[in-house]
Amino acid sequence: MRVYGLDVIRIISFWVISCYHFTYTVWLDRAEQYDVVMSAEPIFYNYVRPFCHALSFGGFTIMLLTTFLIGFRNSAAKIHWRLFAFILAAWVLFSWADEEFIKITLYWEVYPLLVLGLLIIEALHKKGHGLVYLLGAAGFVMTFFSFYDQNFALPLWAEQSLFGNCAENLANWPIFPWLGFVFFGYAIGVAANQYRGILDRISRVELTVWIATLFGSCFFLGAFYQLHPISEFECFAFRVPPVKFWAHLIFIVFLMRISLVTQVNDYIGTHLGRVTQFQTSRNFFLVYALQYILCFALAVTAGE
């Protein structure tokens with residue numbers, strides 16, 4: 001049965017990510033002009049910009065949904081190699097685009113992180129659900145450690161891929177702690193699949209706990225809203241303090257949770273069921289790749 005709420009969350013997050021990609025690729029070398037031009041556009045500055053800033057953790061949402069759905073569909077033991085091939089090809093393509101299609105420099109990114117995480121998951125999932133849940137719990141704990149605060153004498157490529165390096169603006173999805181985020185997303189997906197019969201309803205006690213948790217999280221909101229989409233996001237979005245990070249993401253986890261409730265799913269399906277017809281729901285990775293290519297094409301045009 002289709003979980004319509006997840007499709008809605010994904011398409012909204014994807015829209016925000018696309019806005020960020022467009023902003024980054026077209027205005028990267030003209031960041032000051034971006035602020036001046038966009039502030040003169042009332043609709044953008046007063047409505048679109050605040051909305052995108054408020055949901056600027058959309059990349060984390062997409063990663064959580066992606067790994068959750070892979071686990072939810074119980075496909076770890078039979079992960080298709082064509083998915084790995086597609087992700088790695090996208091990594092090469094985007095690295096080429098970052099160098100304006102002149103050369104290819106493979107910086108660590110979300111694509112190799114996803115492949116690495118899924119390979120580890122595949123190896124452990126064959127040994128049973130217990131190890132998957134243990135891995136997910138360990139992954140959640142990993143996200144509370146600021147690995148980048150440690151001083152390691154490492155080559156730049158190793159430091160960038162393992163912990164990130166803000167001095168060189170190379171801190172996009174480092175292995176620590178974000179490999180743990182991949183593990184966590186997959187583990188809760190497996191749990192949601194295994195206990196679907198229990199999760200198709202929500203008790204008053206659970207709902208009360210959720211409301212209390214969400215209310216408490218409100219006091220830590222705002223960290224992502226302050227990030228500049230060009231000059232800061234690439235590095236500092238991955239260094240938001242753990243408590244503030246989860247204060248934002250816990251709302252997404254809650255929306256994913258209630259999306260599994262039968263009554264909620266039926267309601268969303270009745271009113272927003274057509275969202276499943278969108279290609280972001282059917283072929284997300286392909287759409288993601290195409291919008292990135294389109295952004296770079298527009299950037300080249302704008303540069304001319």
Side-chain angles (χ1 to χ4, degrees), residues 13 56-72 76 79 84 87 91 107-166 170-194 213 216-217 220-221 223-224 227 233-254 256-257:
S13 300
S56 57
F57 51 89
F60 298 99
T61 301
I62 292 295
M63 173 63 87
L64 185 63
L65 281 172
T66 298
T67 51
F68 174 88
L69 286 170
I70 293 175
F72 186 66
I79 290 175
F84 288 150
I87 294 174
W91 184 29
Y107 300 112
W108 186 263
E109 248 279 11
V110 64
Y111 316 105
L113 177 74
L114 185 57
V115 170
L116 175 62
L118 292 178
L119 284 173
I120 295 173
I121 288 168
E122 181 180 17
L124 293 180
H125 194 190
K126 293 178 180 179
K127 300 181 182 299
H129 288 344
L131 283 177
V132 172
Y133 295 147
L134 183 61
L135 189 65
F140 178 72
V141 172
M142 278 178 61
T143 63
F144 281 87
F145 285 88
S146 302
F147 292 93
Y148 52 81
D149 287 335
Q150 308 303 315
N151 293 318
F152 298 98
L154 297 171
L156 177 60
W157 66 268
E159 182 183 7
Q160 183 252 326
S161 58
L162 291 174
F163 312 109
N165 184 310
C166 275
L170 297 172
N172 203 356
W173 291 103
I175 293 174
F176 297 100
W178 300 113
L179 188 64
F181 194 57
V182 173
F183 295 156
F184 172 75
Y186 181 82
I188 62 175
V190 171
N193 177 278
Q194 185 174 6
T213 302
S217 298
F220 300 95
L221 296 177
F224 284 95
L227 296 176
F233 195 92
E234 187 78 8
C235 179
F236 295 106
F238 297 94
R239 298 194 174 190
V240 170
V243 172
K244 293 183 177 181
F245 170 79
W246 279 109
H248 292 79
L249 265 293
I250 194 64
F251 284 87
I252 302 301
V253 176
F254 171 69
M256 292 167 62
R257 166 66 187 98

If you measure from [atom1] on [X] to [atom2] on [Y], what distance do you get to the nearest 0.5 Å?
{"X": "F147", "Y": "L179", "atom1": "CZ", "atom2": "CG", "value": "10.0 Å"}
{"X": "L124", "Y": "L135", "atom1": "CG", "atom2": "CG", "value": "5.5 Å"}
{"X": "E122", "Y": "I70", "atom1": "CD", "atom2": "CD1", "value": "11.0 Å"}

For [X] versus [Y], what's the shortest heavy-atom pair and its separation?
{"X": "S13", "Y": "I62", "result": "CB-CD1, 3.8 Å"}
{"X": "A247", "Y": "L221", "result": "O-CD2, 3.4 Å"}
{"X": "P177", "Y": "M142", "result": "CB-O, 3.1 Å"}
{"X": "E159", "Y": "N165", "result": "OE1-ND2, 3.1 Å"}
{"X": "A171", "Y": "C235", "result": "CB-SG, 3.7 Å"}

Heavy atoms, side chains only, cut-off 4.5 Å: are [X] and [Y] in contact?
{"X": "F183", "Y": "I120", "result": "yes"}
{"X": "L113", "Y": "M63", "result": "yes"}
{"X": "M256", "Y": "L64", "result": "yes"}
{"X": "L170", "Y": "W108", "result": "no"}
{"X": "Y133", "Y": "V190", "result": "yes"}
{"X": "I121", "Y": "V182", "result": "yes"}
{"X": "Q160", "Y": "P174", "result": "no"}
{"X": "W173", "Y": "Y111", "result": "no"}

Requested in this report: Please step through ring-ring contact (aromatic ring centres under 6.0 Å, His included) for the pair Y107 and W157, ending with a clear verdict.
Outcome: CA-CA 8 Å; Y107 300 112; W157 66 268; over 10 Å; no

If only atom types and distance count, is the side chain of [X] paired as donor or acceptor with the main-chain N or O of [Y] below 3.5 Å?
{"X": "H129", "Y": "H125", "answer": "no"}
{"X": "W178", "Y": "N172", "answer": "no"}
{"X": "R257", "Y": "I252", "answer": "no"}
{"X": "S56", "Y": "F224", "answer": "yes"}

Report task. State whether the number of non-hydrogen atoms from other residues, nucleotides or ligands found under 6.0 Å of F233 atom CZ is greater than 12. Result -> yes

Query raised in the report: So with a 6.0 Å cut-off around CZ of F145, is the heavy-atom count from everything else above 12?
Result: no

Query raised in the report: Testing F181, F220, F236 for ring-ring contact (aromatic ring centres under 6.0 Å, His included) with F245, which one passes?
Result: F181

Query raised in the report: For F254 and F251, what are the C-alpha separation, side-chain angles and deciding distance, and is it a side chain to side chain contact (heavy atoms under 4.5 Å, CB included)?
Result: CA-CA 5 Å; F254 171 69; F251 284 87; 5.6 Å; no

Query raised in the report: Quick one: are the ring centres of F163 and Y148 less than 6.0 Å apart?
Result: no

